[in-house]
Structures are given as structure tokens and as C-alpha cells.
2 protein chains.
Amino acid sequence: MPSSDLTDTASRILDAAEHLFAEHGFTETSLRSITTRAGVNLAAVNYHFGSKEALVQAVFERFLTPFCRRLDRELDEAMARGDGQSPPLHDLFGLLARTMLAGVEDSTNDSKLSIFMRLLGLAYTQSQGHLRRFLRDHYDSTYRRFVLLVHQTTPHVSPNELFWRIHFAVGSAVFTMGSVETLRAIARNDTHQDNTLEDILHKLVPFVANALNDDRDH
Amino acid sequence: MPSSDLTDTASRILDAAEHLFAEHGFTETSLRSITTRAGVNLAAVNYHFGSKEALVQAVFERFLTPFCRRLDRELDEAMARGDGQSPPLHDLFGLLARTMLAGVEDSTNDSKLSIFMRLLGLAYTQSQGHLRRFLRDHYDSTYRRFVLLVHQTTPHVSPNELFWRIHFAVGSAVFTMGSVETLRAIARNDTHQDNTLEDILHKLVPFVANALNDDRDH
DNA sequence: GCATCATTCAAACAACTGTTTCAAACGGTT
DNA sequence: AACCGTTTGAAACAGTTGTTTGAATGATGC
């Protein structure tokens with residue numbers, strides 16, 4: 001019911017798949033559960049996308065392509081504002097976080113962003129084979145551009161040290177994202193505080209930026 | 001072939017399952033692939049463990065129970081040395097890292113630790129339902145004890161803020177160590193530097209400790 | 001109205017999943 | 001040797017998976 005009857009079959013499949021993938025993972029989600037939720041026939045998936053693998057890629061493409069385009073544009077503008085100089089580390093990651101939030105039209109409802117985050121987490125942890133290749137082939141250039149900017153803003157950190165710190169940082173982001181909903185529930189019980197996704201991102205950004213910026217090599 | 005013929009059926013199943021779960025995840029690993037690798041009959045899993053779910057739990061129990069026992073003892077000793085005072089943050093995580101490394105008898109071979117961490121990662125991201133319950137029921141007390149110590153050494157950080165930072169930190173550790181083999185290869189190509197596992201832990205510990213210790217709330 | 005195309009549908013497909021069955025083999029005890 | 005409980009073995013089980021089929025349906029252009 002969340003997807004209106006106005007949209008076409010392919011979009012309804014993508015909507016349903018997006019939700020179910022984020023909730024249960026890829027292999028745990030059957031085509032039958034997707035088509036049932038979407039209210040379409042089982043064969044529609046293979047007809048419109050060719051295979052389940054292709055559907056997975058289509059789900060990622062639908063939200064990752066606009067995201068990378070937005071990020072690239074944001075980076076262009078930031079560079080222009082700074083006369084070709086890359087912005088400081090906090091701004092760089094703040095920009096990243098804002099670009100993520102910008103993809104969610106309804107900012108009061110976290111679910112869209114939550115799905116976005118979980119999918120990103122899945123992409124990192126569950127992607128063996130075809131998905132990993134797909135993501136590398138399509139979005140590696142944006143990723144490398146961002147890393148290069150981080151590199152330029154932290155010239156005091158050696159390349160090797162920075163390499164590891166970036167992966168530490170990616171790890172904290174990806175893992176938190178991958179289980180945001182669960183963690184939020186635990187936090188509600190534990191600390192009696194309700195954190196919005198925006199709150200969490202605003203804690204993650206300085207966490208990452210500070211850790212990357214430490215001027216001692218280890 | 002990796003597991004010797006001397007060990008009994010149950011252990012050989014656990015060895016095979018451990019490797020395959022870490023490599024492909026739970027649902028992606030079939031009982032047939034496990035028993036084939038272990039060189040035992042298919043029915044042996046249900047005979048010795050009862051079900052696949054129970055096998056998953058047994059795999060976690062085999063490495064998590066000794067680990068938590070070691071960690072508890074190490075914490076006891078550290079508290080005794082400090083007259084009941086919890087050690088500073090760097091030492092606390094250094095102790096954690098050493099306890100992890102201690103579980104790997106063959107310190108020249110990283111694969112055991114890598115599997116350990118990958119399983120921890122799976123527990124984090126893929127555990128819905130039975131596994132999550134199992135882990136909470138069995139190992140939550142050790143976990144809470146460690147968190148409480150971290151809490152006492154960082155009184156300037158609010159409980160909610162610390163909650164999230166700890167999960168950021170766990171994420172970076174689990175993610176990096178879980179793909180340590182792959183990342184080391186990339187680093188060798190990228191920065192022309194060969195990092196031992198110990199090197200990486202020595203970068204990770206201050207990364208985590210510094211990030212947790214930041215005195216501003218966000 | 002007719003032909004042509006894309007789309008939908010119910011049904012079946014083969015392959016794989018975890019689990020069960022029951023006879024055979026084993027090892028120790030008397 | 002005969003008995004015992006424990007363990008292994010090959011085979012089958014029922015259920016689910018992704019995918020394919022071929023007929024029915026719909027809309028579009030002439």
C-alpha cells in the first residue's frame with residue numbers, strides 16, 4: 001500500500017525490493033515476497049529486470065546514481081567557493097552528510113534515509129561478486145575523488161596512516177548505518193533518549209573527522 | 001583437508017562451518033557445503049547439533065565463550081593492579097586488542113583472527129532473531145562490564161553520546177579486521193607498505209581511544 | 001476492424017534448501 | 001560370541017528458490 005497504484009510495475013517492484021532488501025538482506029528476500037508486496041505478478045521481475053541479480057543492481061542504481069551526481073555537484077561548488085582549495089575536514093564530511101539527507105524529500109520521516117543507510121551497509125558487507133563489481137564499475141570515480149580531497153586536507157598524515165584511518169572511518173559509518181534501527185531501539189531503552197537519524201549523523205561526522213585529523217602517526 | 005582426520009565429527013563440522021559462515025554468511029552457506037568441506041555425512045549436522053540454527057550458535061559459542069572468559073580475567077587483573085580504578089582508555093582498548101590476539105595461537109597466521117572478526121561482524125549486521133537473542137543471553141554481561149569501564153574513564157561524555165561513539169568504534173574495528181586480508185593487499189599496492197596485523201591494531205587503538213575521548217558533545 | 005506490439009497472468013520447471021528415515025557399521029561390555 | 005547404545009551412511013522427504021513457458025490481455029497504429 002505504500003506505493004500508489006499510479007506508478008508503473010517496474011517502480012513498484014523497485015519500491016518493494018528496496019524495503020525488503022534493507023530489512024532482510026538480499027538472499028533472505030525472495031522474489032515472491034517482493035512481488036506480493038508490490039502487488040504484481042511473479043514473472044514481472046524477470047520480465048522487467050531479467051534476473052534477481054539485475055534487480056539488486058537496479059535498486060542500488062536508482063538511489064546511488066542521483067546521490068553521486070548530487071555529491072559531485074556539491075564538491076564542485078565547494079571547490080569553487082574555496083578558490084580551488086578543498087574545504088576543511090569537518091566541512092567535507094558535513095557536506096557528505098547533508099548530501100545524504102538531501103536525498104530524503106520527507107525529512108520528518110526517517111524511513112527513507114534509514115533504508116538508504118542500510119542498503120549502503122549491505123553494499124559493503126554483503127556484496128560479493130556481481131554487486132561489488134557493479135558498484136566499482138559505476139561509482140568508484142566519485143569515491144576516489146572524495147578520498148583524494150580528504151588526502152589533500154590532511155597533508156600531515158602519511159598516506160599509509162591515512163589509508164587505514166579512512167577504512168576505520170568507513171567501517172564505523174557502514175556498520176552503524178547497517179543497524180541504525182536496531183541501535184536506535186537499544187539506545188531508547190538504554191539511555192532513554194530518542195535519536196533521530198540526523199542526530200546520529202551529527203555525532204558520526206565529528207567522530208570521523210577528529211579521528212582522521214589526529215596529527216600523530218602510529 | 002585443512003582440518004586433520006584426528007578430530008571428531010562435531011569439531012570438523014564446526015571448523016568447516018566457521019570458515020564458510022565467515023566467507024559467505026549464514027543463509028548463503030548450505031549444510032551440504034559444510035559437510036562436504038568437513039568430509040562428513042550430511043545428516044551429521046542434525047545428529048550432532050539438532051538444526052542449522054543450533055550449529056550457528058555452536059560456532060559462536062566455541063570462540064566467544066573462551067574469549068569472554070579471557071577478557072573478564074584480564075579486566076579483573078587490570079582492576080587489581082589499579083586498586084579498583086579502571087585503567088585509562090588507551091590501556092583499556094590495548095587490553096582488548098591483546099585479548100583478541102591471545103585467542104590466535106599461531107600469531108604469524110592472521111586468518112584465525114580475521115575469521116573471528118568477520119563472525120563478529122556478521123553477528124552485528126546479520127543477526128536477527130535467534131542469534132541476537134543467543135548472544136544477548138550469553139555474553140551481554142561481559143559486554144556491559146566493558147562498556148561500564150569505558151563509561152567511568154570518560155565521565156565528561158554523556159551516556160547517549162558515548163553509546164553511539166562506542167558503536168562507531170566497534171564498527172571500525174569489526175569492519176577493518178574483518179577484511180584485513182583484502183585491505184592489506186590493497187594497501188601494499190596503494191602505499192607500497194606492508195602492514196602487519198599488529199601494525200594495524202596499533203593504528204586502530206589510538207584511533208578509537210581518541211575518538212571516544214573527545215570532550216565535546218554533539 | 002484488424003494486426004502488432006508490449007505486458008500480465010497462472011502454471012509448471014528444475015534445482016536447491018533443511019530435515020528425517022532407517023538400515024548398516026562401529027566400539028565397548030558381558 | 002552376542003548384545004548394546006552410539007555413530008555413520010545413502011536415500012528420500014516436503015518445502016522453497018529463481019526462472020521459463022505459453023496463453024490471455026491490453027493498448028496502439030493503420
Side-chain angles (χ1 to χ4, degrees), chain A residues 1 3-61 122 126-134, chain B residues 1 3-62 122 126-131 133-134:
Chain A
M1 319 90 168
S3 40
S4 80
D5 286 18
L6 302 171
T7 55
D8 59 320
T9 304
S11 300
R12 308 186 63 189
I13 291 176
L14 284 175
D15 287 339
E18 190 176 84
H19 277 84
L20 292 172
F21 284 157
E23 200 170 342
H24 303 115
F26 305 126
T27 51
E28 293 86 348
T29 304
S30 68
L31 292 186
R32 279 167 181 82
S33 68
I34 294 173
T35 51
T36 300
R37 181 185 178 121
V40 303
N41 188 271
L42 169 62
V45 170
N46 287 283
Y47 176 77
H48 284 280
F49 298 95
S51 68
K52 189 184 181 182
E53 282 198 356
L55 172 62
V56 171
Q57 295 180 3
V59 166
F60 275 90
E61 187 173 19
L122 287 180
Q126 281 202 22
S127 82
Q128 65 262 18
H130 76 101
L131 183 55
R132 168 141 286 154
R133 250 190 316 276
F134 173 79
Chain B
M1 317 89 176
S3 40
S4 82
D5 287 18
L6 302 171
T7 54
D8 59 320
T9 304
S11 302
R12 308 186 64 192
I13 291 175
L14 285 175
D15 287 339
E18 190 175 84
H19 276 84
L20 292 172
F21 283 157
E23 200 171 341
H24 303 113
F26 304 126
T27 50
E28 292 86 347
T29 304
S30 69
L31 291 187
R32 281 167 179 81
S33 68
I34 294 174
T35 52
T36 300
R37 182 188 177 121
V40 304
N41 189 272
L42 169 62
V45 171
N46 287 283
Y47 176 76
H48 285 280
F49 297 96
S51 68
K52 189 184 181 181
E53 281 198 356
L55 173 62
V56 171
Q57 295 180 3
V59 166
F60 275 91
E61 187 173 18
R62 188 171 68 149
L122 287 181
Q126 283 202 15
S127 81
Q128 64 260 24
H130 76 102
L131 182 55
R133 252 190 314 276
F134 173 79

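Hydrogens, waters and symmetry mates are skipped; everything else that's a heavy atom, side chains included, is used. Numbers restart at 1 for each chain; the letters A, B, ... are given by sequence-line order, proteins then strands. None of these values were measured; they are calculated from a predicted model.
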Rounded to whole Å, please give me the gap between [atom1] in [X] and [atom2] in [N].
X      : N       : atom1 : atom2 : answer
I13(A) : dT8(C)  : CD1   : C1'   : 11 Å
F49(A) : dT7(C)  : CZ    : P     : 12 Å
L42(A) : dA10(C) : CG    : P     : 11 Å
L55(B) : dG18(C) : CG    : P     : 10 Å
K52(B) : dT19(C) : NZ    : P     : 8 Å

#### Entry: E28(A) or N41(B), whichever maps to the more 5' nucleotide of DNA chain D
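Result: N41(B).
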Please examine the side chains of [Y] and [X], heavy atoms only from C-beta on, and report whether any two atoms are closer than 4.5 Å.
X       : Y      : result
T9(B)   : H48(B) : yes
L42(B)  : I34(B) : no
F134(A) : E61(A) : yes
L14(A)  : F49(A) : yes
L55(B)  : I13(B) : yes

### Query
Between H48(A) and dA6(C), does any side-chain N or O lie under 4.0 Å from OP1 or OP2?
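So the side chain of H48(A) is outside the cut-off, no N or O lying under 4.0 Å from OP1 or OP2 of dA6(C).
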### Query
OP1 or OP2 of dT8(C) sitting under 4.0 Å from any side-chain N/O of T9(A)?
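For T9(A), the contact criterion (side-chain N or O under 4.0 Å from OP1 or OP2 of dT8(C)) is met.
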Of the nucleotides [options], which one has an atom closest to the side chain of [X]?
X      : options                   : answer
Y47(A) : dT7(C), dT19(C), dA11(C)  : dT7(C)
L31(B) : dT19(C), dA10(C), dT8(C)  : dT19(C)
R32(B) : dT8(C), dA12(C), dT19(C)  : dT19(C)
S51(B) : dA12(C), dT19(C), dA10(C) : dT19(C)
N46(B) : dT20(C), dA11(C), dC9(C)  : dT20(C)

### Query
Going 5' to 3' along DNA chain D, which nucleotides are the first and last within contact of chain B (any atom under 4.0 Å from a heavy atom)?
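Nucleotide range in contact with chain B: dT6(D) to dA12(D).
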#### Entry: Point-to-point distance, once rounded to the nearest 0.5 Å, from CD of E23(B) to CD of E28(B)
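Output value for this atom pair is 11.5 Å.
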#### Entry: Approximate separation, where rounding is to 0.5 Å, of H130(A) NE2 and S51(A) OG
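The OG atom of S51(A) is 8.0 Å from NE2 of H130(A), to the nearest 0.5 Å.
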### Message
For a quick check of understanding: with a heavy-atom distance under 4.0 Å over all strands, which category does T29(B) fall into, base, sugar-phosphate or nothing?
### Response
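Since only primed, P, OP1 and OP2 atoms lie under 4.0 Å of T29(B), the category is sugar-phosphate.
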### Message
For a quick check of understanding: with a heavy-atom distance under 4.0 Å over all strands, which category does A44(A) fall into, base, sugar-phosphate or nothing?
### Response
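Here A44(A) touches no strand at all.
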